[in-house]
Amino acid sequence: MAEHIFIGVAWPYANGSLHLGHIAGAYLPADIFARYHPLKGNKVLMVSGSDQHGTPITLRAEQESKSPQEIVSRYHQEFLDCWQKLGISFDLFTTTGTLNHTQVVHDIFLKLQDRGYIYRDTVPQAYCPRCQRFLPDRYVEGTCPYCHYPQARGDQCDECGRTMSPGDLLDLRCRLCSTSPHFEVSEHFFFRLSAFRDRLKEWIAGQSHWRQNVLNFTIGILEGGLKDRAITRDIDWGVTVPQAGFERKRIYVWFEAVIGYLSASKEWARSHSDDTAWQPFWGGEAKGFYFIGKDNIPFHTLIWPAMLMGYENLNLPYDVPANEFLTIEGKRLSTSRNWAVWLPDYLQRYDPDALRYLLSINMPETGDADFSWREFLRRNNDELVATYGNLVHRVLTFTQRNFGGAVPPLGKLDSQSQRLLVRAQETLDDVDRLLYRCHFKEAIKTAMALAQEANRYLDEKSPWKTIKEDESTSATAIFVALSVLSALKTVLYPFLPFSSSRLHGYLGFDGSIEAAGWRIQSPVPGQKLLFPEPLFRKLDESIVIEETSRLGIQE
RNA sequence: GGCAGCGUAGCUCAGCGGCAGAGCAGGGGACUCAUAAUCCCUUGGUCGGAGGUUCGAAUCCUCCCGGGCCCA
């Protein structure tokens, strides 16, 4: 029976361009997963959107003397453009600025309030006398009360990962002017996170299929204790509070952004003129996967689940396959020092599949992984072009020249040919199992191993020799090779959708790869092939120096 | 000074209690259909170090060293 797979992907702050860290951390694995499931006949809904309300956005707007909306619109457009060019196949990529989002947030807010999970309290709110304003959590810096990390932010400590309120910090400073803020009493709403401790513990204990790093991190925070958290702030950029007397306050972003998963699902349903279409993805046997970077773990393994528990009747996350960090040329990525490879830049100069290949086979799945341009060049030239691209090209051009560009007839299969075809089927099965469990790196390695196997087969069969004496032997080898290419275009499609689609066409198939399903779509003798172009471009050595010299240069 | 992360072949990384692995690079050979691509063979490691637990440790525990990041 078809499964319903909900895929939520981290909501990028619309205050700057995307870089390779974002892609390797969340968007690429999510997309691979989202392309794999439909081939298996499962239903997928993948959503995300621009986070418009993060404090980083107001910070940026202030720096550029623009309105937050201008900043947000600019980057939202850029994101959409990037998804399209890189082939990240969202069903909906919206924003947190929609009326729908506000309505869904209000609904959750009011229900949680009804059930006693949201309560009102007065809170001393950080106020900077020099800037003459209330300070959002991220504008407050200080020493972490748990690990004594001196530059913790008011919402979360980067060092130990614990979440907190600004008042928890020691030695407060205003991030804008370093003046130490004082606290003024202000009335706010709180989320009763503490009420969910036991339920969360019990739930987490059952998640043995989660990645070890995600589990460890989550358990650590749980044992450290969960505190109630303020969910409104004295700011004017954000989702309004559905309560009289709170007109000048807004719902704080950590509470509201995660609700985007649900509001985007509803928006998607409405745009397909079926208001209930989202429901099968959020109830029953549906599984929800949340693809995020490791910095986002507590929000998806504790806070969002707690909110859902309180709201009731919606599925909790099934898995949160958070990735680790991507380093660039051995050094930690830093946007402020421009030590990053920006996605719009990359897409201007290179092909999407080349990047998707490298980031898949070297994904920061279990530990940090490194991106270097030398490695990019090598993986592209020695693996993607030489092993896979060349296999495709040698088989297709041979067919053009010797069999009139049509699938040759299948003669008697010898044991070697049978073995290869079995191997192709096994590859489909193995990659299936691996992708189902989100083991992306292992999955693409397994797929590539089949290409290597096919190269070996061709060398042994030497159809370019047998064509001279015994055409039918040659034809059979080519038929088998074409079958393997067909298996490869399916099994690599989640990773390399652009080249796989082209290969699908070169093999003479109509329709989409998705429609063909997760099986070896067998070529039919006589089927006309399209004249092929090489699937991938070989890159020149010189790009290594060119590209590495761009790193770290301030604009 | 701090760190629930990292130290495995020249490089990039798997393995995480049961005979040290892959790809690339290096060396030798085969082939010529193919984007000078492919295929075979091969060199190369006290798994950072020292203790401990265990019949057995790259793998679990402790300490140390190194680098990394953050801070001062």
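Protein chains get the first letters and strands the later ones, always in sequence-line order, with residue 1 at the start of each. Please read all numbers here as calculations on a predicted model, not as lab measurements.
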Detail all sub-3.5 Å separations between protein N/O atoms and N/O atoms belonging to nucleotides 7-12 of chain B.
residue, atom, partner, partner atom, Å
B/U12, O2', A/E375, OE2, 3.3

So A/R550 and A/D345, salt bridge (charged side-chain N to carboxylate O under 4.0 Å, His left out) or not? Walk me through it. CA-CA 11 Å; A/R550 283 180 212 268; A/D345 270 1; 5.9 Å; no
Using a 6.0 Å distance limit plus a 45 degree cone around the ring axis, check whether A/R229 lies over the aromatic ring of A/F255. no
Any donor-acceptor pair under 3.5 Å linking the side chain of A/Y36 with the backbone of A/D432? yes
Does the cation-pi check pass for A/K201 over A/F196, that is, NZ or CZ under 6.0 Å from the six-membered ring centre and within 45° of its axis? no
Can you tell me the pairing partner of B/C39 across any strand shown, Watson-Crick or G-U wobble, with both distances under 3.5 angstrom? B/G29
Under a 4.0 Å threshold between the charged nitrogen and the carboxylate oxygen, would A/K445 count as salt-bridged to A/E442? no
Can you tell me if A/H300 uses its side chain to pair, donor with acceptor, with the backbone of A/I297 under 3.5 Å? no
Could you give the distance separating B/G7 and B/C11 at their P atoms, to the nearest angstrom? 14 Å
Distance test, side-chain N/O of A/K445 to OP1/OP2 of B/A14, below 4.0 Å: no
Just checking A/Y346 against A/F376, ring centres under 6.0 Å apart? yes
Pairwise P distance for B/U42 and B/G49, with rounding to whole Å: 28 Å
Any donor-acceptor pair under 3.5 Å linking the side chain of A/R502 with the backbone of A/L535? yes
Atom P, compared across B/C6 and B/A14: separation rounded to whole Å: 10 Å
Can you tell me, in whole Å, how much space there is between the P of B/G67 and that of B/G1? 14 Å
Over how many whole Å does the gap from A/M448 atom CE to B/C13 atom C1' extend? 16 Å
Whole-Å distance between B/C33 P and A/L482 CG? 18 Å
Hey, is A/W464 stacking on B/C33? Ring centres under 5.5 Å, planes under 30°. yes
Rounded to whole Å, CD1 of A/I328 lies from C1' of B/G68 at a distance of 16 Å
Between A/F291 and A/Y27, does the ring centre distance come in under 6.0 Å? no
With rounding to the closest Å, how many angstrom separate the P atoms on B/G56 and B/G27? 44 Å
Take the protein atom CZ of A/F403 and the nucleotide atom P of B/C33, then report the distance between them rounded to whole Å. 14 Å
Could you let me know what B/U54 is paired to, Watson-Crick or G-U wobble, both distances under 3.5 Å, or none if it's on its own? none
A/E547/A/R349 ion pair, N-O < 4.0 Å: yes
Suppose you measure atom C1' in B/C55 against the same atom in B/G21; what distance do you get, rounded to whole Å? 25 Å
Given the C1' atoms of B/C24 and B/C16, what is the spacing between them in whole Å? 25 Å
Roughly how far apart, to the nearest Å, are B/G26 and B/C33 at atom C1'? 29 Å
note: A/D368, atom CG; B/C69, atom P; distance rounded to Å ~ 12 Å
Thinking salt bridges, do A/R199 and A/E202 make one under a 4.0 Å N-O criterion? no
Atom CD of A/E442 and atom C1' of B/G21 are separated, to the nearest Å, by 12 Å
Whole-Å gap separating P (B/A14) and CE (A/M363): 12 Å
Please encode protein proximity along nucleotides 35-42 of chain B as a string of B, S and -, counting only heavy-atom distances under 4.0 Å. B-SBBS--
Could you tell me the separation between the CD atom of A/E141 and the C1' atom of B/C70, rounded to a whole number of Å? 13 Å
For B/C63, the nucleotide meeting Watson-Crick or G-U wobble distances (both under 3.5 Å) is B/G49
Just name whichever nucleotide pairs with B/A20, Watson-Crick or G-U, keeping both distances under 3.5 Å, else none. none
